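Read through the structure below, which is laid out as structure tokens, and then see the notes.
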Amino acid sequence: MNEPLDREVTVVTPEQVQLQFQTAGIGSRAAAHLLDSVILIFVNVLLFVFVILVSRLYSGSWLPDLADYLLAITIVLWIVLNLGYFVCSEAFMGGQTLGKRWLGLRVIQNNGQSATLLSIIIRNLFRLLDVMPLFYFVGMLSIFLSSKDKRIGDMVAGTLVVVEARFERIKRRKQLEKAIARKNYPEIVMGHIEEAMRQGITAKDWQLLQAWIERVPTMSDARLAELAAPIAHYFAEKLEQDSAIAQDASAFLVKLYETLREDWEV
């Protein structure tokens, strides 16, 4: 989700290394929780059916207080399942529930390290407060007001929910591909690029090409073409392509980006 409430946050590891993360905003976290809720609803339905079957099976048995026992056991199992799902999945899946994994979110500590078992338990115990009074109102309000998109459980536990870089890159690539497709650039047939020439493309060259590509979704065709002309001629000369190929500079840069991106986007 490309939501405006997502924020960049910089953390410093114990080794004094600066790391940048994009925090997960209300929209992406709500979607992940919705997916987890669907799973839990299914599990709770199974639990309810199991309790009904057991109560029917032992109705009128020699255990006069069976109903009371069943009620107590059901309550305990309900708490264990619904709270244990979040604690166990985040503890054993590297800070992710199934919903978070599907949406590319992860729980980490404030210092950028993996969330500890203790911090996971604390943040999920406070889920009982975040859910009040209804539909996670307190939790959503705290995320909205927090500069790091934290609910109360995250504030107490010292954790962050962030968007995984790999997931963000994939999402950004799909957005660029859609924007490029809408432009209907003509297909360019490039000459073969020798491996030595590909190796000659530097990080600055790739950043230059990527900077132009990043503007495709938002900039007018005329302005894109104006910016593309000198960049296209630069790459055509460097890669020993026919100079005529760079006459449609925008189409040439798009083709070059599609050709080289596997070398740079991992």
Side-chain angles (χ1 to χ4, degrees), residues 1-15 17-47 78-131 135-136 138-140 142-144 146-175 265-266:
M1 292 187 181
N2 190 18
E3 46 185 316
L5 294 179
D6 286 354
R7 301 177 174 97
E8 292 284 343
V9 61
T10 300
V11 300
V12 181
T13 69
E15 296 80 18
V17 177
Q18 284 193 346
L19 301 174
Q20 278 197 326
F21 297 98
Q22 182 182 25
T23 58
I26 293 176
S28 54
R29 292 180 69 166
H33 186 74
L34 179 61
L35 292 171
D36 289 323
S37 297
V38 171
I39 295 172
L40 285 174
I41 288 172
F42 177 74
V43 173
N44 284 319
V45 167
L46 291 181
L47 174 62
W78 184 84
I79 294 173
V80 169
L81 282 173
N82 287 271
L83 187 59
Y85 167 79
F86 291 100
V87 172
C88 293
S89 57
E90 288 180 0
F92 295 104
M93 292 173 59
Q96 294 180 306
T97 61
L98 292 175
K100 287 186 177 72
R101 174 163 292 186
W102 287 332
L103 291 178
L105 310 183
R106 187 180 297 276
V107 179
I108 62 172
Q109 295 187 107
N110 286 340
N111 61 7
Q113 293 183 329
S114 299
T116 63
L117 178 59
L118 178 60
S119 63
I120 287 171
I121 292 174
I122 292 173
R123 75 182 301 273
N124 282 293
L125 285 175
F126 273 85
R127 196 177 289 276
L128 301 174
L129 177 60
D130 286 313
V131 76
F135 299 123
Y136 273 86
V138 172
M140 288 191 294
S142 63
I143 291 173
F144 182 76
S146 169
S147 62
K148 295 182 179 179
D149 292 314
K150 291 189 172 196
R151 62 177 176 84
I152 294 176
D154 292 312
M155 296 176 186
V156 177
T159 55
L160 292 164
V161 180
V162 299
V163 181
E164 289 191 300
R166 178 185 60 83
F167 183 87
E168 189 62 27
R169 284 195 298 269
I170 293 173
K171 180 179 70 175
R172 184 58 182 161
R173 174 185 283 197
K174 290 180 179 178
Q175 292 172 342
E265 295 182 356
V266 294

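Since the structure is predicted, the reported quantities are computational estimates derived from the model, not experimental observations.
Here the shortest heavy-atom pairing between Gly95 and Lys100 reads O-CD, 4.0 Å. Closest approach of Asn124 to Ile120, counting heavy atoms only: ND2-O, 2.8 Å. When every heavy atom of Arg127 is checked against every heavy atom of Arg151, the shortest pair comes out as NH2-NH2, 3.3 Å. Nearest approach of Ala32 to Leu103, heavy atoms of both residues: N-CD1, 3.2 Å. Closest approach of Thr159 to Val107, counting heavy atoms only: CB-CG1, 3.9 Å. Taking all atoms of both residues into account, the shortest heavy-atom contact from Leu129 to Val138 is O-CB, 3.7 Å.
In this structure, the side chains of Val43 and Tyr85 stay at 4.5 Å or more apart for every pair of heavy atoms. The shortest distance between side-chain heavy atoms of Asp154 and Leu160 does not fall below 4.5 Å. Val161 places a side-chain heavy atom less than 4.5 Å from the side chain of Arg123.
Shown here are the side-chain contact (heavy atoms from CB on, under 4.5 Å) partners of Ser146, two or more places apart in sequence or in another chain: Lys148, Lys150, Met155. A search for side-chain contact (heavy atoms from CB on, under 4.5 Å) contacts involving Leu125 returns Leu83, Ile121, not counting sequence neighbours. By the side-chain contact (heavy atoms from CB on, under 4.5 Å) test, Leu118 is found to be paired with Thr116, Ile122, residues two or more places apart in sequence or in another chain being considered. Evaluation of the side-chain hydrogen bond (donor to acceptor under 3.5 Å, both in side chains) rule for Asn82 yields Asn44 as partners, not counting sequence neighbours. In this view, Leu34 satisfies the side-chain contact (heavy atoms from CB on, under 4.5 Å) rule with no residue, not counting sequence neighbours.
Applying the ring pair (Phe, Tyr, Trp, His ring centres under 6.0 Å) test to every pair with at least one member in residues 19-45, sequence neighbours left out, gives these pairs: His33-Phe86, His33-Tyr136.
Formation of a donor-acceptor pair under 3.5 Å by the Gln109 side chain with backbone atoms of Ser114 is found in this model. Side chain of Gln96 to backbone of Ser89: no donor-acceptor contact under 3.5 angstrom is found.
For the atom pair CD of Glu90 and CZ of Arg106, the computed distance is 11.0 Å after rounding to the nearest 0.5 Å. Rounding to the nearest 0.5 Å gives a distance of 13.0 Å between CG of Leu81 and CD1 of Ile39. To the nearest 0.5 Å, atom CG of residue Asp36 and atom CZ of residue Arg101 are 11.5 Å apart. Here CG of Leu40 is found 9.5 Å from CG of Leu98. Values are rounded to the nearest 0.5 Å.
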